[in-house]
Number of protein chains: 2
Amino acid sequence: MIRVLLADDENLIRSALRALLSLEDGIEVVAEAATADEALAMARTFTPDVAVLDLQLPDRDGIALAAELHVAVPGCRTMIVTSHGRPGYLKRALAGGVGGFLPKTVSASVLAQVVRTVHDGGRYVDPELAAEAISAGDSPLTARESDVLELAAEGAPVEEIARRAALTPGTVRNYLSSAASKLGAANRHEAVHVARRHGWI
Amino acid sequence: MIRVLLADDENLIRSALRALLSLEDGIEVVAEAATADEALAMARTFTPDVAVLDLQLPDRDGIALAAELHVAVPGCRTMIVTSHGRPGYLKRALAGGVGGFLPKTVSASVLAQVVRTVHDGGRYVDPELAAEAISAGDSPLTARESDVLELAAEGAPVEEIARRAALTPGTVRNYLSSAASKLGAANRHEAVHVARRHGWI
DNA sequence: GCCGGCCCATGACGAATGTCACCACTCCCC
DNA sequence: GGGGAGTGGTGACATTCGTCATGGGCCGGC
């Protein structure tokens, strides 16, 4: 029997997934969580075999949670289910030791199959997402460029970004300028959009 | 027996919802669709009593689909389920004759209860969303301000916005300036964020 | 030990943007 | 028939932004 932990902030989805997985032979949902912290606590208590995580949780993202789970409960394998299949996330997830990465558009039978595959130590990535990830490639941005671009995401003026990043306004503009040119954007706001689309920030 | 149509582009969610609703007495899922067009065709064929629609579908949004359904299948009541509970959408949905509006964070039993309520001609709106909608109020933006702000959403320069809106660059700047000040934003990009958060664009 | 890449900064320039005042026209409502 | 609100426009001004050149410090690889 594969013991599964579900983590998703959407109650409806979570109980629906539970209903679906419970119909499968050899799979049992032993715990549910709505937040990353909750999931971590649950995992410590129930030591599940596989954790099915939503990519976006209220307190952290699923990738960070997976990394923490691997430390807290070494025997627990992880897989991520998401609505937004951004290529960058896939790469980060795999690098973080996540065993499966699926969009929510897959069918229930595929989900159950992947739970089994991941439980057996295998890996599964949705073919379409994999293709996107390959064509999208790595982020061309340096660490600092990503940071600054992320701070620019909410439309804040350079001054504020500089304060929040503990940098000079001039330096911030340099980073934004080089980030925009790397992304083929005319200005930082368009750059934010491009980077978001690729899952780079 | 309440005959239900499900429309959601995410296969997993859709079949999970089907599993959940099928467990309820007196509810039967008679059709599923992944797109608005598909839903419309299904509704014509199966004449469901209640249509449970996702807010975001690949081809249209759930509110537009609901309006079309009311015309195509007059006896069919509609309700919307969504991940992003933006206040503006709620208002638009209710104005469009939608009977129920829920975030996906609700429990399965609430969902089933709302399906019944809507079927009986009642209305149900998630209390939290209702509170947000009331506190958020109406959009302070005029029609044109909204248009222009929407065109600015992708970070395009004023020149391009002007071309796409068939306006002078100067006029565009006036609209953007007044929109930003109405929204309490320091620049148009922050304004876009504020408006998005409220569901005003 | 040198080169390249990244990080951080400064200064300067032109272009884009935000803001304000002001005008004309239309439509609707009182 | 006179407001008021919305639409569309012009011109001017200060600020912000994008870009480029240039420099120093730090680290890792050849």
Side-chain angles (χ1 to χ4, degrees), chain A residues 88 91-92 95 136-201, chain B residues 88 91-92 95 136-201:
Chain A
K91 216 171 259 281
R92 278 176 48 212
D138 269 337
S139 168
L141 304 178
T142 69
R144 227 49 187 125
E145 283 164 0
S146 300
D147 287 349
V148 172
L149 198 57
E150 207 151 353
L151 290 172
E154 281 154 36
V158 170
E159 288 284 353
E160 194 183 324
I161 300 173
R163 257 187 297 110
R164 293 218 266 164
L167 289 174
T168 334
T171 306
V172 169
R173 293 200 300 182
N174 286 338
Y175 281 142
L176 289 175
S177 177
S178 84
S181 88
K182 280 180 184 176
L183 298 178
N187 56 49
R188 63 218 170 94
H189 306 288
E190 197 184 327
V192 167
H193 265 79
V194 173
R196 277 246 177 83
R197 209 166 45 237
H198 290 304
W200 289 334
I201 60 170
Chain B
K91 216 171 258 283
R92 277 176 50 213
D138 269 337
S139 167
L141 304 178
T142 70
R144 230 46 190 124
E145 284 164 359
S146 300
D147 287 349
V148 173
L149 197 56
E150 206 150 356
L151 289 171
E154 281 153 36
V158 171
E159 288 284 353
E160 195 184 322
I161 300 173
R163 258 187 296 108
R164 293 218 267 164
L167 288 174
T168 333
T171 306
V172 169
R173 292 198 296 176
N174 286 339
Y175 281 142
L176 288 175
S177 177
S178 85
S181 87
K182 281 180 183 176
L183 298 178
N187 57 49
R188 61 217 171 94
H189 306 288
E190 197 184 327
V192 166
H193 265 78
V194 173
R196 277 247 176 83
R197 209 166 46 235
H198 290 302
W200 290 334
I201 61 169

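Note: hydrogens, waters and symmetry copies are ignored here, and every other heavy atom, side chains too, is used.
- The C1' atoms of five pairs define one axis at each end of the helix from dG1(C)-dC30(D) to dC30(C)-dG1(D), and these two axes lie 30° apart (to 10°).
- Atom CG of Leu141(A) sits about 8.5 Å away from atom CD1 of Ile201(A), to the nearest 0.5 Å.
- Atom CG of Leu167(B) is separated from atom CZ of Arg144(B) by 5.0 Å, given to the nearest 0.5 angstrom.
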Applying side-chain contact (heavy atoms from CB on, under 4.5 Å), run through Arg188(A) and Val148(A) and close with a yes or a no. CA-CA 10 Å; Arg188(A) 63 218 170 94; Val148(A) 172; over 6 Å; no

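- To the nearest 0.5 Å, atoms CD (Glu160(B)) and CD (Glu154(B)) are separated by 8.5 Å.
- Taking atom CD of residue Glu145(B) and atom P of nucleotide dG8(D), one finds them 11 Å apart after rounding to whole Å.
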Distances under 3.5 Å between nitrogen or oxygen atoms of protein and nucleotides 23-26 of chain C:
none

Check step by step if side-chain contact (heavy atoms from CB on, under 4.5 Å) holds for Val172(A) and Leu151(A). CA-CA 10 Å; Val172(A) 169; Leu151(A) 290 172; over 6 Å; no

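- Distance alone, capped at 3.5 Å, places no donor-acceptor pair between the Asp147(A) side chain and the Ala165(A) backbone.
- Atom NZ of residue Lys182(B) and atom OG1 of residue Thr142(B) lie 5.0 Å apart, to the nearest 0.5 angstrom.
- A straight line from OH of Tyr175(A) to P of dT10(C) spans 13 Å, rounded to a whole angstrom.
- Counting to the nearest Å, the P atom of dG18(C) and the CD atom of Glu190(B) are 11 Å from each other.
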Going through the checks in order, is the side-chain contact (heavy atoms from CB on, under 4.5 Å) test met by Val192(B) and His189(B)? CA-CA 5 Å; Val192(B) 166; His189(B) 306 288; 5.6 Å; no

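- Summarising the geometry, atom CG belonging to Leu149(B) is positioned 9.0 Å from atom CZ belonging to Arg196(B); distances are rounded to the nearest 0.5 Å.
- In this structure, the CG atom of Asp147(A) is 14 Å from the P atom of dC6(C), given to the nearest Å.
- A distance of 10.5 Å separates CG in Asn174(B) from CD in Glu145(B), rounded to the nearest 0.5 Å.
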At under 4.0 Å between heavy atoms, which parts of nucleotides 9-25 of chain D does protein reach? Answer with one letter per nucleotide, 5' to 3': B base, S sugar-phosphate only, - none. BB-B----BBBB-----

